[in-house]
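Below, read A as the first sequence line, B as the second, and so on, with proteins coming before strands; counting in each chain starts at 1. These numbers were taken from a predicted model, which means no experiment stands behind them. No hydrogens, no waters, no symmetry mates; every other heavy atom, side chains included, goes into these values.
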2 protein chains.
Amino acid sequence: MNSSASTKERILTAAELLFAQRGFDGASLRQLTAAAGVNLAAVNYHFGSKDKLVEEVFRRRLDTLNAHRLAALSKVAGQPGTTLETVLDAFIRPALALSSDGSGSLFMRVLARAFAEHDDHLRQFLSENYGHVMRQFTAEFARLLPGLSREELYWRIDLVTGALTHAMSGFGMIQRKGDVSEATHREQTIAHLIRFAVAGLSHP
Amino acid sequence: MNSSASTKERILTAAELLFAQRGFDGASLRQLTAAAGVNLAAVNYHFGSKDKLVEEVFRRRLDTLNAHRLAALSKVAGQPGTTLETVLDAFIRPALALSSDGSGSLFMRVLARAFAEHDDHLRQFLSENYGHVMRQFTAEFARLLPGLSREELYWRIDLVTGALTHAMSGFGMIQRKGDVSEATHREQTIAHLIRFAVAGLSHP
DNA sequence: CAGGGAATCAAACGATCGTTTGAGCATACG
DNA sequence: CGTATGCTCAAACGATCGTTTGATTCCCTG
């Protein structure tokens with residue numbers, strides 16, 4: 001573990017890794033603090049409790065990830081030339097950039113876990129703090145797909161979200177062919193996901 | 001809890017509910033046996049260990065679910081009039097029938113959990129025992145989509161699987177409009193999922 | 001009716017969990 | 001220099017975990 005970073009940062013990085021590997025319950029504070037090279041009591045000292053640590057793991061990544069998403073969305077939302085592709089790009093690209101980062105490459109896996117676990121407390125935390133992001137994207141999808149009923153739109157967004165979350169949680173796991181660069185691979189993946197999402201959202 | 005069923009059956013039913021609600025680690029054998037109305041030691045007596053119980057929870061549902069899927073697939077696979085829709089129907093309909101059963105309505109949620117948790121032991125168990133099912137469906141998809149490369153096909157199947165797993169894990173949660181019957185609602189959902197999957201698999 | 005294997009039971013096992021404690025250390029400020 | 005303040009540390013807390021034990025009850029069969 002990086003011994004130059006601060007204790008809080010080392011704990012967050014080790015927690016992200018272990019939460020991705022073993023889940024929130026499965027990763028103990030003793031494994032976690034040992035991997036981070038800090039004392040066991042450091043978690044409760046710096047974060048208050050294990051639950052607060054979990055929230056902070058999400059906050060560290062989602063604050064900037066969703067800020068990037070909204071920044072990209074604001075550049076295209078409501079504009080005349082905007083298409084489904086450009087809106088989906090605003091949603092997908094920041095997530096895959098984070099996954100390619102090396103630093104945050106495991107976070108999408110953690111997010112997929114929280115997505116599958118129907119834990120009420122965690123869902124409420126995510127909804128309260130980041131629900132407005134999905135709401136803004138949904139509004140733009142509704143504008144670009146005027147033929148769909150509200151119910152039909154929610155259905156399709158739910159399905160697309162499930163597919164993207166699942167796919168992005170595995171990004172970085174699959175070995176890419178040696179003759180393409182990381183950037184090229186990412187662009188191809190983004191194109192894949194966008195085409196799939198467009199087909200799922202806009203089929204007749 | 002149903003006190004007329006056998007102890008093993010009562011344990012499996014209570015385990016399915018609690019695994020869906022709290023996860024495999026989160027549900028303790030004490031909560032589980034209390035909910036089932038059986039003694040704490042009954043789990044280790046009848047199943048050997050908690051891990052074996054988890055496997056049995058999957059086996060009880062997946063044996064019949066996948067048998068139904070393969071039976072439906074064998075009726076259409078390779079036939080001249082077969083389309084993507086009929087193959088997807090063979091895959092989706094048995095799962096939603098199980099979800100509508102009342103008895104097994106929570107199992108798809110458990111399956112979605114196992115899907116998100118990248119637990120090696122559980123994945124190996126599922127792959128060894130039920131991997132041939134997805135292999136047969138994949139072969140039929142490949143036959144119906146000759147224009148796609150193997151890599152492209154795997155990509156799309158992975159995305160569709162993620163979407164369907166996510167959607168079916170929430171089936172039964174959403175309140176349906178009061179004027180449609182359970183059967184009608186299920187048919188509409190199947191139609192929804194099939195159309196989405198067809199669009200995701202076959203877009204140009 | 002008697003005997004015996006299957007099933008259930010309360011109780012306890014050692015291990016591990018998240019959390020708390022209080023002493024010890026460092027660094028900065030008067 | 002003395003002393004606050006922020007942080008780290010080993011150790012222990014009570015609770016809960018999965019599992020095991022040995023006695024007891026149940027039920028079928030001869």
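- Computed from coordinates, the B:Arg10 CZ to C:dT8 C1' distance equals 11 Å when rounded to whole Å.
- Residues that satisfy the side-chain contact (heavy atoms from CB on, under 4.5 Å) test with B:Asp119, not counting sequence neighbours, are B:His121, B:Leu122.
- Legend: residues meeting salt bridge (Lys or Arg N to Asp or Glu O under 4.0 Å) with A:Glu56, ordered by chain and number and at least two apart, are A:Arg59.
- Take A:Gln124 and apply the side-chain hydrogen bond (donor to acceptor under 3.5 Å, both in side chains) test, not counting sequence neighbours, and it matches A:Glu128.
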Using atom types as modelled, flag every donor-acceptor pair under 3.5 Å from a side chain in residues 37-47 of chain B to any protein atom, sequence neighbours excluded.
{"unit_1": "B:Asn39", "atom_1": "OD1", "unit_2": "B:Ala41", "atom_2": "N", "d": "2.9"}

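- Qualifying side-chain contact (heavy atoms from CB on, under 4.5 Å) partners for A:Arg143, counting only residues two or more places apart in sequence or in other chains: A:Thr82, A:Glu140.
- Scanning residues 21-34 of chain B for heavy-atom distances under 4.0 Å to DNA chain C yields B:Arg30.
- Applying the side-chain hydrogen bond (donor to acceptor under 3.5 Å, both in side chains) rule to A:Ser100 yields the partners A:Glu182, A:Arg186; only residues at least two apart in sequence or on another chain are considered.
- Within 4.0 Å (heavy atoms only), B:Ala41 reaches at least one base atom of the nucleic acid.
- Among pairs with a residue in residues 15-31 of chain A, those fulfilling side chain to side chain donor-acceptor pair (under 3.5 Å) read A:Glu16-A:Arg61, at least two apart in sequence or across chains.
- Nucleotide C:dC9 holds its P atom 10 Å from the CD1 atom of B:Ile11, rounded to whole Å.
- Here salt bridge (Lys or Arg N to Asp or Glu O under 4.0 Å) pairs that include residues 91-103 of chain B, with residues two or more places apart or in two chains, are B:Asp89-B:Arg93, B:Arg93-B:Glu187.
- Residue A:Asn39 contributes atom CG, which lies 17 Å from atom P of C:dA23 at whole-angstrom precision.
- A heavy-atom distance below 4.0 Å to DNA chain D is reached by these residues of residues 45-56 of chain A, ordered by number: A:Tyr45, A:His46.
- Applying the salt bridge (Lys or Arg N to Asp or Glu O under 4.0 Å) test to residues at least two apart or on different chains, the pairs with a partner in residues 153-166 of chain A are A:Glu152-A:Arg156.
- For DNA chain D, the outermost nucleotides in 5' to 3' order that have an atom under 4.0 Å from a heavy atom of chain B are D:dC17 to D:dT21.
- Judged purely by atom type and a 3.5 angstrom limit, A:His203 has no side-chain atom pairing as donor or acceptor with the backbone of A:Leu201.
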